[in-house]
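Reviewing the structure listed below.
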Amino acid sequence: MAERILALPGDGIGPEVVAEALRALEAAAAWAGLALEVEFELVGGASIEARGTPLADGVLARARDCRAVLLGAVGGPAWDALPVAERPERGLLQLRRELGLFANLRPASVFPALASASTLRPEVTRGIDLLVVRELTGGLYFGEPRGRSTEAGLRSARNTMVYDESEIARIARVAFAAARGRRRQLTHVHKANVLEVSQLWVEVVEEVAKDFADVSLQHQLVDSCAMLLVRDPARFDVLLTGNLFGDILSDEAAMITGSLGMLPSASLGGGGLGLYEPVHGSAPDIAGRDLANPLAAILSAAMLLEHSLAQPAAAQRLRRAVAAALDSGARTADLLPEAAPGEAGASGEAGALGCRAMGDLVLAELAKLPD
Ligand code: IPM
Ligand code: MG
């Protein structure tokens, strides 16, 4: 029986990178003897244009019937003026929340071939291999009350950062378990010197730690963690964070490895169903021009193989094919030192591969791997 996969290309460079990720996914799945049935649906701005809403009910229902969702990106300048509740991003947040995907895994490591692609010195980036475990369905993103109001002509706005102990404990367990399969070091990131919410996180994480005596636990203030990530990133193994801090620190973690175009993610917790997406956004400035880096999406497909289809060997092949493509010297524009990521001028860089060509190369490297 074929495994059903829902593709949600979304906006900007989403469709380009998802197309490459699907080709790589199908090839790696075929190697494992697995048949896929890929269906396409709309999300984000693309859905707003076609249906007037960033996520139609039917799409959620369809996602629930699938084994996994592969998403590109949402958002763009066309929808920037919309109120928060109607924006493309709301479609993605609803998907995460409605599907119960509370555990967001964002691994960041340095491919040897990209050691010099980072804006940090190679001796600083050497050995970076960390995993951000971000809580994804609570905190400031979803807390009530929220909204805007005007009283006596004075505009104000509020959001609420709220977590209960069960939400903290379940994501802490995911992070501890992940640390167990790695270097057994967990850093909990917080702001407990100011926030009651963070004080509760420290308490609950300490309680969960009792079940994971083999994992060493540290609590790190978020501001100092942001600093340490650029000073000495290799010290970190697993970072456990709430929703907002995880959003910020995962972009930072991605960038120190060389490019935001390299970082994949998996969102789990929804009883077997997983959502996979590159961490980078829709990059509207380079959309539709075959300039995007498809590797984060391809590496997200590898996470899909591992976590949703229980095919770790096929996932590993895909990662090796990506490493081989990079070893051959191939670079998309964002990976070239001269070019700022997403900069249109990067297109003319000598040696810069387009999105499709990089996808072709990964497929070629995949076919070359011994069985
Ligand atoms: C991410 C993105 C999203 C987030 C946006 C697009 C809503 O930045 O996945 O990191 O803030 O979670
Ligand atoms: Mg983000």
Side-chain angles (χ1 to χ4, degrees), residues 100-110 125-139 163-193 195 197-250 252-254 256-257 263-272 274 279 299 302-303 306-308 310 312 315-316 319:
L101 306 171
F102 67 87
N104 185 219
L105 311 183
R106 299 186 159 185
S109 57
V110 181
T125 61
R126 192 169 301 128
I128 296 180
D129 180 10
L130 61 88
L131 174 70
V132 178
V133 177
R134 170 189 177 194
E135 200 291 327
L136 205 58
T137 54
Y163 276 109
D164 70 36
E165 58 180 310
S166 71
E167 292 174 287
I168 302 168
R170 68 181 180 178
I171 189 69
R173 288 188 180 284
V174 170
F176 274 107
R180 222 171 223 173
R182 300 171 46 100
R183 302 195 304 280
R184 295 173 187 259
Q185 289 166 28
L186 182 64
T187 306
H188 163 236
V189 182
H190 65 92
K191 189 70 186 171
N193 53 350
L195 303 175
V197 177
S198 285
Q199 289 180 341
L200 181 62
W201 271 75
V202 170
E203 250 171 74
V204 175
V205 169
E206 286 287 344
E207 287 158 20
V208 172
K210 295 193 180 109
D211 293 337
F212 296 87
D214 53 325
V215 174
S216 90
L217 169 66
Q218 280 189 351
H219 301 279
Q220 189 82 52
L221 286 164
V222 62
D223 48 354
S224 111
C225 182
M227 178 274 291
L228 288 168
L229 268 173
V230 281
R231 194 176 81 182
D232 180 20
R235 68 158 65 205
F236 293 112
D237 181 15
V238 178
L239 293 170
L240 165 64
T241 81
N243 206 342
L244 179 70
F245 299 160
D247 178 45
I248 298 166
L249 293 181
S250 58
E252 189 185 358
I256 59 181
T257 69
L263 202 73
S265 82
S267 303
L268 310 171
V279 170
L299 292 168
M303 293 187 88
E306 182 168 348
H307 295 282
S308 283
Q316 196 49 32
R319 290 189 196 105

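Just so it is clear, the model here is predicted, and its values are computed rather than measured.
In this structure, the separation between OG1 on T257 and CD on E252 is 11.5 Å, given to the nearest 0.5 Å. L239 contributes atom CG, which lies 8.0 Å from atom CG of L131 (distance to the nearest 0.5 angstrom). Going from atom CG of L229 over to atom OG of S224 covers 9.5 Å, rounded to the nearest 0.5 Å. Between atom CG of residue L249 and atom SG of residue C225 there is a gap of 5.0 Å, rounded to the nearest 0.5 Å. Summarising the geometry, atom CG belonging to L263 is positioned 9.0 Å from atom CG belonging to L299; distances are rounded to the nearest 0.5 Å.
Applying the salt bridge (charged side-chain N to carboxylate O under 4.0 Å, His left out) rule to E306 yields the partners R319; only residues at least two apart in sequence or on another chain are considered. I248 is linked by a side chain to side chain contact (heavy atoms under 4.5 Å, CB included) to L244, counting only residues two or more places apart in sequence or in another chain. By the ring-ring contact (aromatic ring centres under 6.0 Å, His included) test, H219 pairs with H188, sequence neighbours left out. By the side chain to side chain contact (heavy atoms under 4.5 Å, CB included) test, A310 is found to be paired with no residue, residues two or more places apart in sequence or in another chain being considered. Every residue two or more places apart in sequence or in another chain that forms a side chain to side chain contact (heavy atoms under 4.5 Å, CB included) with A253 is listed here: A108, L130, V132. Every residue two or more places apart in sequence or in another chain that forms a side chain to side chain donor-acceptor pair (under 3.5 Å) with S250 is listed here: R106. Residues meeting the side chain to side chain donor-acceptor pair (under 3.5 Å) test with S267, sequence neighbours left out: N104. F102 meets the ring-ring contact (aromatic ring centres under 6.0 Å, His included) test with no other residue; sequence neighbours excluded. The salt bridge (charged side-chain N to carboxylate O under 4.0 Å, His left out) check on R173 picks up D211, with sequence neighbours excluded. For D164, there are no salt bridge (charged side-chain N to carboxylate O under 4.0 Å, His left out) partners at least two apart in sequence or on another chain.
Ring geometry for Y163 against W201 counts as perpendicular: the plane angle is over 60°, on a 0 to 90° scale with 30° as the lower cut.
In terms of heavy atoms, A209 sits closest to L217 at CB-CD2, 3.9 Å.
Sorted by first and then second residue, the side chain to side chain donor-acceptor pair (under 3.5 Å) pairs with a member in residues 231-240 read R182-D237, D232-R235; sequence neighbours excluded. Sorted by first and then second residue, the salt bridge (charged side-chain N to carboxylate O under 4.0 Å, His left out) pairs with a member in residues 213-226 read R180-D214, R184-D214, K191-D223; sequence neighbours excluded.
Residue-environment remark: CD (Q218) stays at or below the threshold of 12 foreign heavy atoms within 6.0 Å.
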